[in-house]
Amino acid sequence: MSTLTIVMYHYIRDLANSRYPGIKGLTIEAFEGQLDYVTKRYEVCSMRDIVDAVHGRRALPDHACALTFDDGFLDHFTVVFPRLVARRLTASFYPPVTAIAQRTVLETHQIHLILAVAGDDAAALARRVRALIDARGDADLPPAAALYATHAVASRFDGPDVTFVKRVLQKGLPPRVRGDIIRQLFDEYVGIDPRVVARELYMDLDQLRCMVQHGMEVGGHGAEHVWLDTLSREGQEREIARTVDFLDEVYGERPRDWVMCYPFGAHDATTLDVVGAAGCVVGLTTRVGVARDLAQPLTLPRLDTNDLPRRGDASPAALEAQRG
Ligand SMILES: [Zn+2]
């Protein structure tokens with residue numbers, strides 16, 4: 001192989017005619033265009049091919065590419081799966097255990113839905129979050145203005161208000177506090193029973209098994225979709241044990257040489273130790289880049305779908321520049 005390009009996808013749907021058109025996702029048309037582009041420029045591999053290459057059993061093609069779909073969204077079954085089958089492509093899917101097994105909306109996705117409803121008025125949502133933080137009158141919490149000053153910085157794809165909302169609600173506040181605030185905002189903005197939303201949002205076990213039967217692969221994405229590097233070793237071991245049990249349920253046998261996709265890309269030396277001891281051979285991060293070798297298979301970089309063109313006839317020039 002000269003390069004291995006792993007592309008990461010999340011929501012893919014007919015956005016304009018969906019319940020939350022503001023959600024940060026890819027349209028079906030853009031996805032099809034990107035498949036045209038990818039199949040023209042790359043050779044699409046399976047994770048099995050990559051695992052075999054890691055073990056030195058075979059070499060990957062020159063311009064290898066792998067398609068990865070995070071978070072277990074129903075979009076992946078209804079939109080992605082039939083289009084992959086039609087093109088005789090394979091891909092891998094990374095559902096968090098809780099989303100599939102307990103059918104609750106993960107906090108990180110509740111935040112996406114709240115942001116989708118808030119739409120262009122992220123500033124008002126950020127003000128509401130600040131008000132909810134200060135209204136708690138909790139002496140252990142920093143003032144909302146200080147949190148805003150720290151976290152409201154534009155990121156790769158988001159403006160400062162959206163980044164602030166995501167960061168404080170995902171990680172910046174203590175778990176109990178952010179749980180309360182997310183519940184409150186979900187009620188105010190989305191206003192639908194989360195159990196109903198979960199059934200519209202995620203695949204179920206039978207759908208995952210169906211995709212596996214038709215050549216797709218399912219890997220680990222943790223149980224609760226948390227930053228693994230924030231947990232103790234025992235906490236990380238529990239997350240990975242639940243992940244392995246879940247893959248066992250999907251495949252009907254103990255997973256061997258499996259693939260782990262770290263939630264939020266977060267991992268530390270302990271994570272690599274724990275997943276390695278559990279039989280994981282390939283790890284996917286959110287570090288932006290293209291792999292040039294497989295020397296560090298537990299921390300492979302990925303590109304976001306937004307980094308690739310969405311038309312079969314697009315020039316790869318922009319991407320080549322990004323790789324440098
Ligand atoms: Zn995820």
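One-based numbering, in listed order, for ligands and for the atoms of each. Residue numbers run from 1 in the order of the sequence given.
Under the 4.5 Å side-chain criterion, counting only non-hydrogen atoms from C-beta, Lys166 is not in contact with Asp161. Under the 4.5 Å side-chain criterion, counting only non-hydrogen atoms from C-beta, Cys65 is in contact with Leu67.
The ring of Tyr94 has its center no closer than 6.0 angstrom to the ring center of Phe69.
Among Thr270, Thr271, Asp229, the one residue that satisfies the side chain to side chain donor-acceptor pair (under 3.5 Å) test with Gln236 is Thr271.
Relative to the ring axis of Tyr148, Arg130 places its NZ or CZ within 45° and under 6.0 Å from the centre.
Annotation: protein N, O or S atoms under 2.8 Å of the Zn ion (ligand 1) (waters excluded) comprise Asp71 OD1, His221 NE2, His225 NE2.
For the atom pair Asp138 CG and Ile133 CD1, the distance stands at 11.0 Å (nearest 0.5 Å).
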